[in-house]
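Input: a single structure, listed below in structure tokens.
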Amino acid sequence: MRSEITIDLGALRRNVKSLLRTLDGAELWAVVKADAYGHGAIDCGGAALDAGATALCVATVPEALALRQELPSARLIVLGPTSNREVAQARDGALELGVASGDIPEGVRVHVKLETGMGRWGVSELPLLTREVVGVMTHLATADSDLEFARAQVERFREATEPVSHLTRHVANSAAALRLPESRFDAARCGIAIYGISPFGEDAAADGLEPVLGWQTEIAQARLLRPGESTGYGRRYVAERDTWIGILPVGYADGFRRDLTGTQVRVAGELRRVVGTVSMDATAVELDRELPPGTPVTLVGHGVTLESHARVASTIAYELACGIESGPTRARRVVHDQG
């Protein structure tokens with residue numbers, strides 16, 4: 001097998017419980033869209049509910065219907081736009097829908113989205129609310145980067161929804177749940193934090209969070225490069241002296257992105273630098289000595305974080321997590337469920 005992805009549901013449960021303590025009475029709704037940010041929606045959704053989350057949020061009706069088959073009693077909320085056909089499916093599947101216009105469907109529980117500054121989905125003013133409306137919501141644009149703008153969004157939302165405060169009001173994402181107490185209202189929609197990834201690109205442990213995902217591979221071959229010899233496409237890495245490199249059987253087709261050259265992974269317990277061009281199916285790491293095929297390599301875990309990889313790739317950890325290919329033709333997926 002090219003690589004192994006491990007999912008620690010015990011860590012996820014502890015993250016949910018830690019966030020619930022932070023929320024101090026507000027509900028936690030676990031966001032499990034995009035297959036739980038690449039972690040596995042069914043496994044992670046079930047564990048989040050077990051740990052005290054009271055609803056699961058997804059982006060699409062098909063995502064929710066797949067969860068409904070495995071979690072028949074779960075409260076499932078679709079946050080993205082829906083077609084007329086999908087509204088009927090949502091009704092049949094006992095789903096709840098986020099609605100970003102004044103056209104409120106009948107016979108299905110609805111959360112009306114108010115636009116307060118994200119500039120995306122949402123109504124500028126609350127429409128006449130029907131009995132189907134059970135919640136009102138907005139989405140913060142800068143809770144991870146500009147708290148003043150986020151506070152302004154919260155206040156706009158508070159003022160606009162005060163007349164309907166008997167409905168469930170929900171605003172906070174992971175970053176706001178952790179940094180902006182006034183955003184918590186009745187429920188917080190937490191995604192990235194429940195997976196133990198910092199919404200701020202920092203050390204998640206500072207907020208009491210544990211990484212849920214680990215990713216391991218092994219050295220497939222070790223090669224000795226003589227001075228002037230190179231490895232990989234474009235000869236981006238040329239040895240200046242005798243240098244051992246390890247070739248790993250993963251690349252950008254597995255989600256180890258091409259722009260991760262220069263990041264560090266852990267080889268035989270020691271940090272080693274990724275060198276040369278990451279190709280579709282192979283990655284090279286610089287070694288200090290010859291190591292045999294089968295030597296373990298940690299791509300994520302044991303101090304090697306998605307946040308650190310994201311800084312090298314000039315992206316966010318969310319994107320890296322969603323991009324890891326965990327299908328059975330490329331990796332083995334192992335779920336640990338202890339505590």
Side-chain angles (χ1 to χ4, degrees), residues 1-6 38 196-198 200-206 211-327 329-334:
M1 185 60 62
R2 303 171 60 81
S3 66
E4 180 178 276
I5 295 163
T6 57
I197 300 171
S198 171
F200 312 105
E202 301 169 354
D203 182 3
V212 172
L213 183 143
W215 192 11
Q216 298 80 35
T217 186
E218 60 186 27
I219 290 178
Q221 184 182 51
R223 300 187 63 87
L224 178 62
L225 299 182
R226 300 297 186 184
E229 294 181 341
S230 61
T231 184
Y233 290 113
R235 302 193 74 228
R236 291 177 62 192
Y237 178 80
V238 179
E240 297 179 356
R241 56 187 178 279
D242 284 356
T243 305
W244 283 99
I245 60 165
I247 306 299
L248 315 181
V250 295
Y252 58 78
D254 305 281
F256 197 83
R257 290 170 36 148
R258 200 168 185 269
D259 48 10
L260 284 175
T261 297
T263 196
Q264 291 185 312
V265 298
R266 198 171 292 280
V267 181
E270 300 176 349
L271 290 175
R272 297 294 174 210
R273 184 168 62 104
V274 172
V275 297
T277 300
V278 176
S279 60
M280 185 179 292
D281 307 301
T283 298
V285 293
E286 192 176 55
L287 305 176
D288 66 343
R289 64 191 185 281
E290 181 180 10
L291 292 172
T295 298
V297 178
T298 299
L299 303 174
V300 178
H302 301 290
V304 179
T305 66
L306 285 168
E307 292 93 333
S308 62
H309 289 328
R311 286 191 289 273
V312 171
S314 298
T315 186
I316 56 175
Y318 305 55
E319 184 180 12
L320 297 185
C322 290
I324 296 173
E325 175 53 62
S326 61
T329 62
R330 303 291 295 196
R332 178 172 61 183
R333 185 173 181 275
V334 178

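Taking CG of D259 as the reference point, atom OG1 of T277 lies at 11.5 Å (rounded to 0.5 Å). For the atom pair CG (D281) and CG (D254), the distance works out to 6.5 Å, reported to the nearest 0.5 Å. Note that the CD atom of E290 and the CZ atom of R223 stand 11.5 Å from one another [nearest 0.5 Å]. One distance of note links CD1 of I245 with OG1 of T231; it measures 3.5 Å at 0.5 Å rounding. If you take CG on L291 and CD on Q221, they are separated by 13.0 Å, rounding to the nearest 0.5 Å. A distance of 12.5 Å separates CZ in R236 from OG in S230, rounded to the nearest 0.5 Å.
Using a 4.5 Å heavy-atom cutoff, the side chains of I219 and L248 are in contact. Counting only heavy atoms from C-beta outward, the side chains of R235 and V238 approach each other to under 4.5 Å. Contact check for V285 versus V275: no side-chain heavy atoms found under the 4.5 Å cut-off. For the pair V300 and L213, the minimum side-chain heavy-atom distance is below 4.5 Å. Side-chain contact between S279 and Y233: present, with at least one pair of heavy atoms (C-beta onward) separated by less than 4.5 Å. Between R272 and V297 there is no side-chain heavy-atom pair separated by less than 4.5 Å. In this structure, the side chains of F256 and T263 come closer than 4.5 Å at one or more pairs of heavy atoms. Side-chain contact between D242 and P227 is present, with at least one heavy-atom pair separated by less than 4.5 Å.
With E4 as reference, R332 is the one residue of R333, R330, R332 to meet the salt bridge (Lys or Arg N to Asp or Glu O under 4.0 Å) rule. Results of the side chain to side chain contact (heavy atoms under 4.5 Å, CB included) test with V265 over L299, T217, L271 single out L299 as the only residue that passes. Of the candidates V278, L320, I324, R257 forms a side chain to side chain contact (heavy atoms under 4.5 Å, CB included) with just one, namely L320. E307 pairs in a side chain to side chain contact (heavy atoms under 4.5 Å, CB included) with only one of the listed residues (I316, D203, I197), which is I197.
Counting all heavy atoms, side chain and backbone alike, R258 lies closest to Y252 at N-CB, 3.9 Å. When all heavy atoms are compared, the tightest approach of Y237 to E286 is OH-OE2, 2.5 Å. The minimum heavy-atom distance between T295 and A268, with the atom names listed, is CG2-CB, 3.7 Å. Of all non-hydrogen atoms in P293 and A220, the two that sit nearest each other are CB-O, 3.7 Å. Minimum heavy-atom separation, G196 to A204: O-CB, 3.4 Å. E325 approaches A331 most closely through the heavy-atom pair O-CB, 3.8 Å.
Judged purely by atom type and a 3.5 angstrom limit, T283 uses its side chain to pair as donor or acceptor with the backbone of V250. Between the side chain of R266 and the main chain of G269, a donor-acceptor pair closer than 3.5 Å is present. Under a 3.5 Å cut-off, the side chain of S308 and the backbone N or O of L306 do not form any donor-acceptor pair.
If you check the side chains of E202 and S198, you find no donor sitting under 3.5 Å from an acceptor. In this structure, a donor-acceptor pair under 3.5 Å is absent between the side chains of W215 and T298.
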If you apply the rule side chain to side chain contact (heavy atoms under 4.5 Å, CB included), what do you find for Q216 with I5, and how did you get there?
CA-CA 6 Å; Q216 298 80 35; I5 295 163; over 6 Å; no
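Summarising the local packing, CD of E240 is surrounded by 12 or fewer heavy atoms from other residues, nucleotides or ligands at distances under 6.0 Å.
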